[in-house]
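Here the structure comes first, spelled out in C-alpha cells, and everything after it is commentary.
Note that the coordinates shown come from a computational prediction; the quantities given were computed from them, not determined experimentally. Just so you know, these numbers use all the heavy atoms, side chains as well, and skip hydrogens, waters and symmetry mates.
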Amino acid sequence: MLRPERVPVPRPGTDAAPVRMALPRVLVGTDIVEVERLQRLLTEQPGLGAEVFTARELAYCEGRRRAGEHLAGRFAAKESVLKALGTGLGPRMRWTDVEVINDVHGRPRVALHGAVAAKAVEARVGHVDISLSHVKGLAVASAALVCEAGDEPATRRDEAEGT
Amino acid sequence: MTTSTTTTVALFGIVREAVADALGLDEDEVTPDATIVGELGAESIDLLDILFRIERKSGVKVQASDLADAIQGGIPDEEFGDENEIVTAVGLAHMKTVMPQIDVEALTGKLHAEQVMSLFTVENLAGVVADKAADSAAS
C-alpha cells in the first residue's frame with residue numbers, strides 16, 4: 001500500500017530543510033463504447049478480435065449471454081487505462097498489452113504487458129484499478145492508476161508552525 | 001522517411017472513403033487537411049474501423065500503434081518530450097516530416113504529447129499508409 005513519506009517537522013526558527021510530504025499521484029481515465037458498434041466491427045473485421053483482445057479475454061466473454069457487453073466493457077477498460085497513462089496507443093503498444101482478467105470474486109482486474117507495462121513502470125505506477133458498467137447498449141469503464149510518490153516538496157501549515 | 005507522392009495520392013481516395021464510411025460522413029467532409037481525431041471527431045474505436053477498412057481495400061495493414069511510431073519516429077520518449085511531456089524541438093522536427101502542415105514555431109514549448117494525435121490529418125494518414133506500402137514492397 002502506498003503511504004506518503006513524511007519527514008520530522010523542524011522547530012520554528014531553526015535552520016532546517018522544508019517539510020516534505022511526497023504524495024502518491026492518481027491518474028484517471030474513462031471511456032464509453034457503443035456495444036453494437038463494436039459487435040459490428042468484430043463481425044465485419046475477422047481479424048479484429050485477436051488484435052484487440054487476448055485469448056483469455058475472448059474465452060471469458062464467449063458463451064456469455066451478453067458477450068457483446070463484456071467485450072465492449074473490456075475495450076473501454078483498455079482505452080481508459082491508456083487515457084490515464086496519457087499515451088493513447090503509443091509507439092509499439094498493442095491493445096492486448098492491457099488485459100482485463102476477472103479475479104476469483106468476479107471483479108475485473110488489469111494486467112499490463114509489453115510496451116504499456118514498460119510505460120507504466122516509467123510512470124511509477126504501483127497499482128491499477130478499473131470499474132466497468134453497462135446500460136442500454138453502452139459500456140463504460142473507468143481506470144485509476146496509483147503512482148509512487150514523487151519528489152514534490154510540500155508543507156503542511158500546522159506542522160510548519162510546529163504545532 | 002520517404003513518401004511516394006504518387007502512391008500517397010493513389011491511396012488518398014481509399015483513406016478518404018475509409019474515414020467517411022467509418023465516421024458516417026460524406027466524402028466531401030473528409031478533406032485532406034481535416035484532423036481525424038480533432039475536427040472529424042474520431043475516437044479509438046473509429047480508428048480501428050478506419051484502419052481495417054484501409055487494409056481491406058488496399059491490402060496495407062496499419063495498426064494504431066504504427067501511427068504513433070510514425071509520428072515519434074523511434075525517438076525515445078525522454079527525447080521526444082520533456083519532463084512535463086511537452087514535445088521538444090527534436091520531437092517537433094521529426095513530426096514536421098510526417099505532418100508537414102504543422103507550424104513548428106507556434107507549437108514550440110506548447111504542444112503536450114497528449115495533443116499530438118489531434119493534429120493528425122487525413123492526408124497525414126494517407127502518407128503513413130503509403131510509407132507502409134513502400135516498406136512492404138521493399139521487404
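- B/L48 touches chain A through its side chain: at least one heavy atom from C-beta onward sits under 4.5 Å away, while N, CA, C and O do not.
- By the rule that hydrophobic residues join a cluster once side-chain heavy atoms approach within less than 4.5 Å of another member, A/F75 and B/L47 end up as members of separate clusters.
- Ion pair B/K61/A/E51 flagged as a salt bridge, since at least one NZ, NE, NH1 or NH2 atom sits closer than 4.0 Å to an Asp/Glu carboxylate oxygen.
- The nearest pair of heavy atoms linking B/S65 to A/M93 is CB-O, 2.9 Å.
- When all heavy atoms of B/A68 and A/G90 are compared, the closest pair comes out as CB-C, 3.5 Å.
- Put simply, B/I36 and B/I71 are part of the same group of oily side chains (I, L, V, M, F, W, Y) that touch within less than 4.5 Å, one to the next.
- A/K119 is listed as a side-chain neighbour of B/D77, based on a closest heavy-atom distance under 4.5 Å.
- Both the backbone and the side chain of B/R53 come within less than 4.5 Å of a heavy atom in chain A.
- Contacts between B/A113 and chain A at a heavy-atom distance below 4.5 Å are absent for every atom of the residue.
- Looking at A/E122, the atoms closer than 4.5 Å to chain B (heavy atoms on both sides) all sit in the side chain, from C-beta outward.
- To the nearest 0.5 Å, atom CG of residue A/L82 and atom OG of residue B/S44 are 8.5 Å apart.
- Follow the hydrophobic side-chain contacts under 4.5 Å out from B/L23 and you reach B/V15 in the same cluster.
- For A/L48, the parts sitting under 4.5 Å from any heavy atom of chain B are the backbone and the side chain alike.
- Environment of CD in B/E105: sparse, with no more than 12 heavy atoms of neighbouring residues, nucleotides or ligands closer than 6.0 Å.
- The CD atom of B/E43 sits 9.0 Å away from the CD atom of A/E34 when rounded to the nearest 0.5 Å.
- A 4.5 Å side-chain heavy-atom check between A/L89 and B/Q63 finds every atom pair outside the cut-off.
- To the nearest 0.5 angstrom, A/R37 atom CZ is 4.0 Å from B/D46 atom CG.
- Ranked by heavy-atom pairs shorter than 4.5 Å toward chain B, the options A/R40, A/K83, A/K78, A/R92 are led by A/R92.
- Around the CZ atom of A/R56, the shell of radius 6.0 Å holds no more than 12 heavy atoms that belong to other residues, nucleotides or ligands.
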Check against side-chain contact (heavy atoms from CB on, under 4.5 Å), B/F52 and A/L41: CA-CA 9 Å; B/F52 267 89; A/L41 277 177; over 6 Å; no
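- No continuous path of hydrophobic side-chain contacts links A/L132 to A/V140 [ILVMFWY only; heavy atoms under 4.5 Å].
- B/I102 is connected to B/L67 through a chain of hydrophobic side-chain contacts under 4.5 Å among Ile, Leu, Val, Met, Phe, Trp and Tyr, so both are in one cluster.
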